[in-house]
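Naming convention: chains lettered A, B, ... in sequence-line order (proteins, then strands); numbering from 1 in each chain. Everything numeric in this text was worked out from a predicted model, so none of it was measured.
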Protein chains: 4
Amino acid sequence: MSSSREKITARAPQRERGKRRVAALLEAAVSLFAEKGYDAVTMTEVAARAGAPIGSLYQFFPSKETLADAILDRIGESFDDAFKGIEERGTTIAIPELVDAWLGLLVGFDEERAAAATLIESRQETSARAAELRLSLRRHVARILRARIPKLSSKRAETMAVVVVQLMKAAARSAETDRAVRDGVQNELKHLMCLYLNDKTAVAQTMTP
Amino acid sequence: MSSSREKITARAPQRERGKRRVAALLEAAVSLFAEKGYDAVTMTEVAARAGAPIGSLYQFFPSKETLADAILDRIGESFDDAFKGIEERGTTIAIPELVDAWLGLLVGFDEERAAAATLIESRQETSARAAELRLSLRRHVARILRARIPKLSSKRAETMAVVVVQLMKAAARSAETDRAVRDGVQNELKHLMCLYLNDKTAVAQTMTP
Amino acid sequence: MSSSREKITARAPQRERGKRRVAALLEAAVSLFAEKGYDAVTMTEVAARAGAPIGSLYQFFPSKETLADAILDRIGESFDDAFKGIEERGTTIAIPELVDAWLGLLVGFDEERAAAATLIESRQETSARAAELRLSLRRHVARILRARIPKLSSKRAETMAVVVVQLMKAAARSAETDRAVRDGVQNELKHLMCLYLNDKTAVAQTMTP
Amino acid sequence: MSSSREKITARAPQRERGKRRVAALLEAAVSLFAEKGYDAVTMTEVAARAGAPIGSLYQFFPSKETLADAILDRIGESFDDAFKGIEERGTTIAIPELVDAWLGLLVGFDEERAAAATLIESRQETSARAAELRLSLRRHVARILRARIPKLSSKRAETMAVVVVQLMKAAARSAETDRAVRDGVQNELKHLMCLYLNDKTAVAQTMTP
DNA sequence: TATGAATGAGTCTTCATTCAT
DNA sequence: CATGAATGAAGACTCATTCAT
């Protein structure tokens with residue numbers, strides 16, 4: 001009875017520890033990348049901040065690139081989830097709400113979004129993953145845009161999506177400063193984005209080709 | 001005496017040559033930074049592209065950081081000039097024109113603006129100069145904003161300036177892709193910025209506190 | 001009692017399993033060393049190919065060196081057996097047969113001989129066992145040589161033995177290429193060795209000091 | 001006058017020093033590779049033995065592989081020279097002389113030949129250069145063989161060449177031990193090779209197909 | 001002053017070995 | 001006794017910077 005349970009829990013700590021370690025490493029990487037950017041961070045540094053030996057870091061992330069990609073992957077998944085939620089609500093969702101959801105993607109309490117924003121930017125040319133993520137963001141946004149503004153050509157939707165994504169990244173970047181300005185800027189960006197979408201929606205509805 | 005004249009003429013070509021060399025080095029650095037980003041560029045590479053020996057590079061720019069700062073400085077001056085021109089025209093300048101001028105700051109034919117955009121972004125945390133430049137940009141924009149929208153509090157002007165600068169950088173970043181999307185995005189950003197300024201101006205004029 | 005028998009039978013399979021595991025590990029090591037050479041093989045790799053956990057590998061072979069030595073030991077024993085067989089047949093054995101037997105020592109169907117040849121070669125300076133094996137080979141050959149050619153001084157026998165062993169290793173090395181050349185080379189080496197022994201025997205019989 | 005000459009000699013020491021450094025590095029690498037084999041040698045070790053900082057080593061040899069290849073190249077050139085000399089003498093050269101020349105290729109006063117022998121052996125699979133060198137050796141030997149023994153088919157010449165090269169390598173390997181045995185073995189190998197060539201020549205002349 | 005070879009601290013990464021479970 | 005995650009010393013290689021010439 002208890003012995004069998006013991007056995008189960010016997011290895012649980014090991015896996016548990018492994019999970020905790022991966023989490024710690026990822027967290028350390030996230031904060032370091034967010035602080036200093038990909039290139040300025042050393043693997044030794046990441047391991048040290050996670051309180052792990054360098055070998056452990058490489059056990060889980062066999063290269064620096066893998067480490068960055070892992071962060072991007074995790075963010076990518078959370079993006080997919082978020083977009084799924086947004087798209088399910090279809091056209092019922094009001095513009096301010098939509099904008100809130102979008103801006104929230106790259107701006108959160110944790111540093112994860114900041115790290116992701118940095119990595120997407122700086123590794124776009126070198127990491128396939130970063131390029132993918134950026135593309136995926138654009139595609140999601142473009143699809144939603146076309147659903148709301150039916151007359152939008154796919155090319156224009158793409159263009160608008162680029163702009164929207166840039167606005168998202170702007171929000172992420174401005175999250176790096178002190179709270180006082182940050183909140184103001186965030187609000188402002190939200191306002192700006194609403195303005196933009198309202199304009200486009202109105203124009204589209206007005207402009208009968 | 002002939003000796004003194006000799007010295008003068010002897011050094012004149014040297015200075016001339018020195019200037020040309022500095023220009024070549026700077027140009028090489030600019031194109032390289034624009035292409036690959038600060039970290040991926042080596043000093044040896046810069047010297048080689050400029051056709052100069054590495055020692056010469058260090059003669060004029062005693063460190064890699066100095067080199068980056070020099071580029072930032074030069075851009076900073078051109079910004080100051082541009083803003084001076086804008087501010088001289090006062091409130092007479094129409095919003096679309098103003099927006100054109102602003103967006104043109106970081107997006108140009110030459111690679112210098114691309115390099116500057118990259119450097120500001122990637123070295124913001126490490127280089128005082130990059131931070132200064134960003135601050136200077138903000139201040140200039142804020143001043144113009146306050147001149148056009150008198151009721152604007154200095155705090156709100158600052159906030160708006162941050163947004164405007166982010167938009168400028170977004171334009172710079174989108175310049176990295178192929179021409180087809182680039183032009184579309186650039187136009188879109190211009191439109192967006194006009195929308196934003198028009199809105200703020202109108203609101204300010206309407207909102208009687 | 002049943003308990004004691006239980007223990008016996010309980011461990012019997014374990015020992016059985018242990019033997020099988022050791023065999024699998026050794027086999028894996030042999031094939032890997034033969035393929036890639038000592039340095040290029042990792043312990044993890046050996047364990048993986050044997051389908052055993054790394055801990056198990058270290059249970060039986062406490063170091064990489066031990067593992068290599070074990071292979072050398074096993075080959076050494078098989079050499080001893082082979083030489084015993086040869087020596088028992090005394091002088092009755094004809095030269096071509098003798099040569100066949102010798103060349104067969106390091107060239108066989110299995111990879112074991114190839115691995116051994118590699119290990120003797122590459123670890124000669126670092127492993128006492130490899131040196132021992134080489135020495136043992138020489139001694140065996142020298143003894144047989146002196147038995148067949150009575151007038152041979154021990155020093156000359158040693159020298160000849162070195163040559164013979166080198167020829168054996170040459171055969172082993174040539175086994176690494178494609179079958180077409182290999183068979184030809186092997187035949188040629190056999191011929192060469194016969195030539196050598198015949199010459200020495202004749203000379204010795206002729207040369208009356 | 002003296003000034004111009006001074007200028008010439010002014011940089012001479014620099015180049016001189018560079019040459020000396022390259023020589024020292026190469027010599028260190030040669031002796032280390034000869035002693036311990038390719039894998040067991042570290043780049044730091046090579047630099048240290050040459051009395052050079054690690055950076056200098058990499059200045060001249062951008063990778064460990066390059067370093068090994070450089071040694072192989074140098075040996076390869078000396079082989080080509082030697083073979084050129086041998087081939088020029090055509091069929092006039094007597095067998096013992098030919099054998100001397102061949103055995104001398106991989107056995108010399110310096111350690112260079114020993115290092116080369118080791119490198120050819122251990123890096124055959126990984127280094128294109130090592131494989132090339134081995135092939136080149138075979139081809140040279142085969143050509144000479146066919147010139148001397150006209151009836152030899154190209155395939156048999158190739159096979160014989162393999163054997164001859166193996167004999168050369170055997171001589172190189174036996175050079176690693178103390179002088180006493182070495183000289184004896186070397187003589188023995190020479191004798192063996194003469195035996196082999198004489199036999200082949202005689203057989204070819206006798207055997208009329 | 002100009003040059004570019006020289007320098008070595010610091011980077012990423014591997015792998016034999018150990019030990020908690 | 002079995003397991004395989006954890007460890008960290010050590011290796012190949014880079015590059016900003018210096019300094020002898």
Side-chain angles (χ1 to χ4, degrees), chain A residues 6-7 9-18 21-22 39 41-47 52-67, chain B residues 11 14 17-18 21 39-48 52-67, chain C residues 11 14-15 17-18 21 39-48 52-67, chain D residues 6-7 9-18 21-22 39-47 52-67:
Chain A
E6 262 177 296
K7 269 181 192 171
T9 45
R11 277 203 193 134
Q14 203 161 295
R15 278 192 218 142
E16 186 63 36
R17 193 183 164 203
R21 181 136 275 183
V22 170
D39 288 292
V41 172
T42 72
M43 291 298 269
T44 312
E45 213 176 356
V46 173
I54 185 72
S56 273
L57 175 52
Y58 274 89
Q59 184 106 51
F60 296 112
F61 306 101
S63 75
K64 194 177 178 184
E65 175 145 34
T66 313
L67 182 59
Chain B
R11 285 212 183 140
Q14 258 179 240
R17 201 179 146 214
R21 182 138 274 184
D39 289 288
V41 172
T42 70
M43 291 298 269
T44 311
E45 215 176 354
V46 173
I54 181 76
S56 201
L57 174 53
Y58 272 88
Q59 193 85 47
F60 297 111
F61 306 100
S63 77
K64 194 178 180 183
E65 174 144 35
T66 315
L67 181 59
Chain C
R11 284 211 183 140
Q14 259 180 237
R15 276 197 214 139
R17 201 180 146 212
R21 181 139 275 184
D39 289 289
V41 172
T42 71
M43 290 299 268
T44 311
E45 214 176 355
V46 172
I54 182 76
S56 201
L57 174 54
Y58 272 87
Q59 192 85 49
F60 297 112
F61 306 101
S63 77
K64 194 179 179 183
E65 174 144 37
T66 315
L67 182 60
Chain D
E6 263 179 293
K7 269 180 191 171
T9 47
R11 283 215 184 122
Q14 203 161 297
R15 278 192 218 141
E16 186 62 36
R17 192 182 166 204
R21 181 136 276 184
V22 170
D39 288 291
V41 172
T42 73
M43 291 299 268
T44 312
E45 214 176 354
V46 172
I54 185 72
S56 273
L57 174 52
Y58 274 90
Q59 185 106 51
F60 297 111
F61 306 99
S63 74
K64 193 178 178 183
E65 174 146 34
T66 312
L67 181 59

Check DNA chain E against residues 55-64 of chain D and give the residues with a non-hydrogen atom under 4.0 Å, in numerical order.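 Under 4.0 Å from DNA chain E: D:Gly55, D:Ser56, D:Gln59, D:Phe60.
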Closest to the 5' end of DNA chain E, once B:Pro53 and A:Met43 are matched to their nearest nucleotides, is B:Pro53
Between C:Thr44 and D:Ile54, the residue closer to the 5' end of DNA chain E by nearest nucleotide is D:Ile54
note: C:Glu45, atom CD; E:dA16, atom C1'; distance rounded to Å ~ 13 Å
Here the distance between atom C1' of E:dA16 and atom CG of D:Asp39, to the nearest Å, is 15 Å
For DNA chain F, the dot-bracket notation using Watson-Crick and G-U wobble pairs below 3.5 Å, [ ] for pseudoknot-type crossings and | for other-strand pairs, is .||||||||||||||||||||
Show which side-chain atoms of residues 52-59 of chain D pair as donor or acceptor with protein atoms under 3.5 Å away, not counting sequence neighbours.
{"unit_1": "D:Ser56", "atom_1": "OG", "unit_2": "D:Arg21", "atom_2": "NH1", "d": "3.4"}

Exercise for review: Mind listing the closest non-hydrogen atom pair of A:Val22 and A:Phe60 along with its distance?
Suggested key: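 Smallest heavy-atom distance, with atoms named: CG2-CD2, 3.4 Å.
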Could you tell me whether C:Val41 contacts a base, only the sugar-phosphate backbone, or nothing, with contacts defined as non-hydrogen atoms closer than 4.0 Å?
-> sugar-phosphate
So CG of D:Leu67 and CZ of D:Phe61: to nearest 0.5 Å the spacing works out to 5.5 Å
By nearest-heavy-atom nucleotide on DNA chain F, the more 5' of C:Arg21 and D:Thr42 is C:Arg21
DNA chain F: C:Ala52 or B:Glu65, which has the more 5' nearest nucleotide?
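The residue closer to the strand's 5' end, by nearest nucleotide, is C:Ala52.
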Is there a side-chain contact between B:Val46 and B:Lys64 (heavy atoms, below 4.5 Å)?
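Result no, sub-4.5 Å side-chain heavy-atom pair not found.
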